[in-house]
Peer 1: 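Have a look at this one before I ask anything.
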Amino acid sequence: MTGAAPAHTSREADLSRDAGATMPPATPAGGPLLRVDGLSKQFALDDAVLPWAKGRRVQAVDNVSFEIAPGQTLGLVGESGCGKSTLGRLVLRLIEPDAGSVALDGMAVTGAGKRQLKALRRRMQIVFQNPFGSLNARMSVGEAIAEPLLAFGVGSRTERSEAARRLLALVGLDPGHAGRYPHEFSGGQRQRIAIARAIALEPDLVVCDEAVSALDVSVQAQILNLLKDLKARLGMAYLFISHDLAVVRHVSDRVAVMYLGSIVEIAEADRLFADPKHPYTVALLASVPAETPAARKHAAPLEGQVPSPIDLPPGCRFAGRCPRAMPRCHEERPALRAIAPDHKVACHLYA
Ligand code: SF4
């Protein structure tokens with residue numbers, strides 16, 4: 001884990017001047033902040049659009065388990081359509097899982113009643129890819145940032161307004177611009193506003209769903225540095241979802257690699273980038289332009305078709321593209337197994 005500040009001391013200095021704000025209960029010492037266990041989700045295909053797909057379902061997320069420690073960033077990486085954004089929404093229960101459980105600080109998110117869920121949602125926020133779409137064009141940015149405080153009855157109107165100005169300053173924007181509207185800001189500035197809104201309630205966990213993907217490379221770096229700085233100052237954890245390994249590498253303490261709805265490798269970030277084990281991780285790293293000489297040296301380019309998530313093969317889902325596939329790989333699905341402390345791989349090469 002890198003850069004995590006004590007969870008609530010700097011927060012109090014930065015944020016809790018909001019009257020009525022209450023600090024969330026602390027995570028038990030040594031326990032995970034987030035525990036995800038066996039999470040699965042299928043979607044029915046729309047047979048109005050695809051008549052041939054009547055009654056068929058897509059396995060978007062399949063039996064996914066992982067933990068995130070307080071103040072830790074878990075990067076979740078994989079190709080477009082692998083289920084990582086669905087997983088982020090399942091964690092926040094923005095969509096309901098078919099199976100599995102999510103717990104924050106030992107409290108069940110899955111199965112929580114309406115009031116419990118609202119209390120838990122205060123501690124879990126999300127930053128989306130498109131900051132323009134996630135901000136109300138008719139709301140000033142000060143109102144947008146203060147809106148979560150209003151929803152939870154935090155502070156008076158004046159106090160919320162002051163909190164919004166402080167949050168704008170915290171994300172590197174001019175507090176004097178609180179009365180301006182989203183269209184008056186650049187894409188990077190809008191994402192800073194979305195981040196200010198996400199941290200207004202002092203969450204313990206922020207899900208960043210392709211949060212920098214829509215931004216220019218130079219602006220991406222600024223936002224990534226802002227996220228790292230906020231984590232160090234406020235002590236929150238991130239589930240950082242991205243298709244871009246270079247971006248994930250920049251911010252993550254641990255990394256989970258997802259392929260067709262499942263985690264195929266999860267490890268501490270430096271270890272995963274220095275010594276990837278799963279052939280898919282190796283191939284992904286080979287496509288990153290720099291800093292992965294070991295991976296590039298051994299990697300073959302990714303070839304072959306991704307199997308249809310409607311009609312998944314019986315064995316390893318990567319077998320059709322894997323340069324190291326064996327007969328067993330086409331028959332038996334590999335389980336995610338520990339090969340070292342905090343390093344798990346789903347591959348028969350390591351069984
Ligand atoms: Fe390749 Fe077989 Fe490992 Fe799948 S289980 S990644 S096909 S070697």
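Counting starts at 1 for both ligands and their atoms, following the listed order.
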Peer 1: Going by the atom numbers of ligand 1, which of them fall below 4.0 Å from some non-hydrogen atom of L349?
Peer 2: 8 (S)
Peer 1: For residues V248 and G75, report the shortest heavy-atom separation together with the two atoms involved.
Peer 2: CG1-CA, 3.9 Å
Peer 1: Answer yes or no as to whether an N/O/S atom of C347 is found below 2.8 Å from atom 3 (Fe) of ligand 1.
Peer 2: yes
Peer 1: Which of the listed options, R321, R324, E332, H278, holds the heavy atom that is closest to atom 6 (S) of ligand 1?
Peer 2: H278
Peer 1: When you compare the side chains of D98 and S40, does any donor N or O come within less than 3.5 Å of an acceptor on the partner?
Peer 2: no
Peer 1: Given A283, A319, C316, P323, which one has a non-hydrogen atom that is nearest to atom 4 (Fe) of ligand 1?
Peer 2: C316
Peer 1: Identify the closest protein heavy atom to atom 5 (S) of ligand 1: which residue and atom is it, and at what distance?
Peer 2: H348 N, 3.3 Å
Peer 1: Counting from 1, what ligand 1 atoms have a heavy atom of C322 closer than 4.0 Å?
Peer 2: 1 (Fe), 6 (S), 7 (S), 8 (S)
Peer 1: Please report the closest heavy-atom contact between Y259 and P307, naming both atoms and the distance.
Peer 2: OH-CD, 3.8 Å
Peer 1: Can you pull out the closest protein heavy atom to atom 2 (Fe) of ligand 1? Residue, atom name and distance to 0.1 Å, please.
Peer 2: C329 SG, 2.2 Å
Peer 1: List the atom of P314, the atom of H330, and the distance in Å for their closest heavy-atom pair.
Peer 2: CG-O, 3.7 Å
Peer 1: Before accepting this row, confirm whether a basic side-chain N of the pair R123/E202 lies closer than 4.0 Å to the acidic partner's carboxylate O.
Peer 2: no
Peer 1: With H343, which of R337, E265, R254 fulfils side-chain hydrogen bond (donor to acceptor under 3.5 Å, both in side chains)?
Peer 2: E265
